[in-house]
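Beneath this line is the structure, given in structure tokens, with notes to follow.
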Protein chains: 2
Amino acid sequence: MEKRAKHPVRTTEKSLTLIDELNRRGGARITTLADELSMGKSAIHNHLSTLEEHGFVVKNGNTYELSLRFLDIGGQLRSEMDVYRVAEPQVEALAEESGELVHFVVEEGGEGVYLCRSKGDRAVDLDTYVGCRHPMHSSAFGKAILSHLPDQRVEEIIDRHGLPSVTPKTITSRDELYDALERTRERGFAVDDEERLEGLRCIAAPIRFDSEVIGAISISAPTARIDDDWEENEFVEQLCRTANVIELNKYKV
Amino acid sequence: MEKRAKHPVRTTEKSLTLIDELNRRGGARITTLADELSMGKSAIHNHLSTLEEHGFVVKNGNTYELSLRFLDIGGQLRSEMDVYRVAEPQVEALAEESGELVHFVVEEGGEGVYLCRSKGDRAVDLDTYVGCRHPMHSSAFGKAILSHLPDQRVEEIIDRHGLPSVTPKTITSRDELYDALERTRERGFAVDDEERLEGLRCIAAPIRFDSEVIGAISISAPTARIDDDWEENEFVEQLCRTANVIELNKYKV
DNA sequence: TGATCTGTTCTCCATATGAGAACACTATCT
DNA sequence: AGATAGTGTTCTCATATGGAGAACAGATCA
């Protein structure tokens with residue numbers, strides 16, 4: 001259900017395309033961008049100097065880069081979310097207790113967005129970063145969240161993003177996904193058994209408030225350290241207890 | 001030395017103004033924005049739906065808000081900085097060791113940008129967040145960085161941002177500032193004695209690489225817990241040792 | 001049910017955009 | 001050093017396009 005703007009502002013779209021391209025390349029020169037995007041040099045120059053004047057772009061020599069203004073805005077958005085403030089210390093505590101990699105994730109636009117990340121002392125070093133996005137169907141946190149969204153939302157999300165496969169075990173059909181969500185609801189937590197990265201298992205618990213999901217917390221570890229007899233798993237208790245603490249603390253805010 | 005674009009793209013400026021306004025208000029409706037910015041409703045509608053289509057804005061009911069896309073871009077910028085990757089674990093370690101609030105900051109556009117923040121177990125709760133910006137002259141980290149920048153850069157920064165006062169003790173003249181920078185160079189670390197917030201003292205050490213400053217690390221605590229006989233201060237050794245570790249680890253990247 | 005808020009769509013003209021050419025630098029080569 | 005080939009920047013003007021304003025469509029309320 002991609003929404004198309006009826007009257008898109010083409011000039012703004014050009015600026016946003018430049019931002020995307022700078023983001024992708026980690027900075028670029030005017031000529032490079034002109035070649036790549038087949039726009040005139042003067043146009044690019046005008047856009048970039050406008051973005052620079054407003055602090056969204058910085059110029060190092062002749063290379064333009066996105067500025068930390070994005071981190072400012074993003075950080076502000078995050079710090080204003082009640083659930084983040086409550087979850088952040090708990091994520092750290094769980095990372096320390098479990099020794100593994102712990103994330104806190106919320107959903108936006110049908111994708112999962114990592115808001116917190118904390119590494120325990122033997123944690124694997126995934127290439128996630130605060131703010132990065134990941135599809136819902138191929139992750140434990142995604143299934144934890146989806147399992148408490150109305151079916152209609154789930155459909156919208158699938159329609160929008162599809163069910164792209166990233167490993168041989170990724171769920172790629174609607175039926176499989178709905179089965180997995182059903183099992184997640186029964187168990188109270190979601191699992192990802194190498195569906196997102198081979199050699200990696202994750203478990204995730206939803207964070208609910210007033211019977212609405214507002215995020216999920218997850219533990220990621222090598223297959224060797226997470227037993228796939230889920231009910232017996234030592235991390236499950238730690239995870240669910242932490243999720244519960246976050247839910248309860250949320251009431252105090 | 002504010003750079004004015006010779007041929008600003010006015011349409012882009014309008015979109016950026018909207019982003020600023022949404023940022024300031026934490027979301028707004030079309031009518032509100034139209035009244036506040038004295039633009040037509042249709043114009044605002046076109047801009048916002050364009051921004052939404054490109055994922056920079058999300059619509060909740062009739063309220064438009066900035067999306068976590070900003071956190072994505074900002075987080076990516078941060079995670080790609082070598083110095084961040086090296087500093088982050090050290091900031092956590094220093095927070096744990098000192099028990100206080102520790103920040104890692106870099107300079108951009110003449111301001112300090114917080115890249116890391118970690119709280120020790122008795123840390124004060126400042127309203128800083130990852131990505132937030134603060135003037136250089138009224139902070140320990142700022143003076144730590146300025147003290148290793150060429151005078152010409154320091155002048156540019158003062159010209160651009162002035163020396164605004166935030167407490168009675170804030171440095172407000174160039175002479176005072178240059179004296180403070182001189183003392184900082186002699187000591188090897190910078191101090192802020194209630195110059196930024198009454199009741200708060202900070203110490204900061206520059207992080208240098210190839211004789212260039214690339215950031216600073218700081219400890220903040222209530223005046224009662226930081227002795228103003230700086231040379232005797234227990235935190236100084238912890239701080240400078242950590243700064244040194246970061247500088248050395250940076251070579252390995 | 002009608003009144004009064006919203007947001008959305010449409011049309012059309014004043015206006016801002018950007019291609020392209022000319023210019024000004026800077027670096028590199030001979 | 002002087003020539004050459006890259007840059008980024010400025011300028012102009014024909015034309016695409018942005019947005020005011022009006023009309024429309026939903027929502028919310030009395």
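Below, read A as the first sequence line, B as the second, and so on, with proteins coming before strands; counting in each chain starts at 1.
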Start at the 5' end of DNA chain C and walk down; is the nucleotide closest to A:Lys6 or to B:Pro8 reached first? A:Lys6
Nucleotide N/O to protein N/O under 3.5 Å, stretch nucleotides 20-24 of chain D:
residue, atom, partner, partner atom, Å
D:dA20, OP2, B:Gly40, N, 2.7
D:dA20, N7, B:Ser42, OG, 2.8
D:dG21, O6, B:Ser42, OG, 3.2

Can you figure out which of D:dT10, C:dT17, D:dG8 approaches the side chain of B:Arg10 most closely? C:dT17
Please work out which of the three classes, parallel, tilted or perpendicular, describes the rings of A:Phe141 and A:Tyr114, given edges at 30° and 60°. perpendicular
Got a second to check how far B:Leu22's CG is from B:Leu51's CG, nearest 0.5 Å? 8.0 Å
Interatomic spacing from CD1 in B:Ile44 to NZ in B:Lys14 - rounded to 0.5 Å: 10.5 Å
May I ask you to evaluate whether A:Thr11 reaches the phosphate of D:dT17, defined as a side-chain N or O under 4.0 Å from OP1 or OP2? no
Using atom CG of B:Leu48 as one end and atom P of D:dG18 as the other, report the distance to the nearest whole Å. 15 Å
Nearest 0.5 Å, please: how far is CG in B:Leu71 from CZ in A:Arg78? 6.0 Å
With the threshold set at under 4.0 Å for non-hydrogen atoms, list the residues of residues 21-29 of chain B touching DNA chain C in residue-number order. B:Arg29
Regarding the side chain of A:Lys59, the nearest nucleotide among D:dG8, C:dA16, C:dT9 is D:dG8
Round to the nearest Å and state the distance from B:Glu13 atom CD to D:dG18 atom C1'. 15 Å
Using only heavy-atom distances, determine whether the side chains of B:Glu111 and B:His134 contain a donor-acceptor pair under 3.5 Å. no
Side-chain N,O (B:His47) to OP1/OP2 (D:dG18) below 4.0 Å: no
CG (A:Asn60) with more than 12 external heavy atoms under 6.0 Å: yes
Taking A:Lys143 first and then A:Glu195, would you say they form a salt bridge - that is, a charged N and a carboxylate O separated by under 4.0 Å? yes
Rounded off to whole Å, could you give me the CD1-to-C1' distance for the A:Ile30 and D:dT7 pair? 9 Å
Under 4.0 angstrom between B:His7 side-chain N/O and D:dT12 OP1 or OP2: no
DNA chain D: A:Lys14 or A:Thr32, which has the more 5' nearest nucleotide? A:Thr32
Counting N and O atoms only, with roles assigned by atom type, does the side chain of B:Arg29 sit under 3.5 Å from a partner on the main chain of B:Tyr64, one being a donor and the other an acceptor? no
Does A:His103 use its side chain to pair, donor to acceptor, with the backbone of A:Thr128 at less than 3.5 Å? no
Using a cut-off of strictly less than 4.0 Å, decide whether A:His45 has a side-chain nitrogen or oxygen near OP1 or OP2 of D:dT9. yes
Between C:dT17 atom P and A:Leu51 atom CG, what is the distance in whole Å? 13 Å
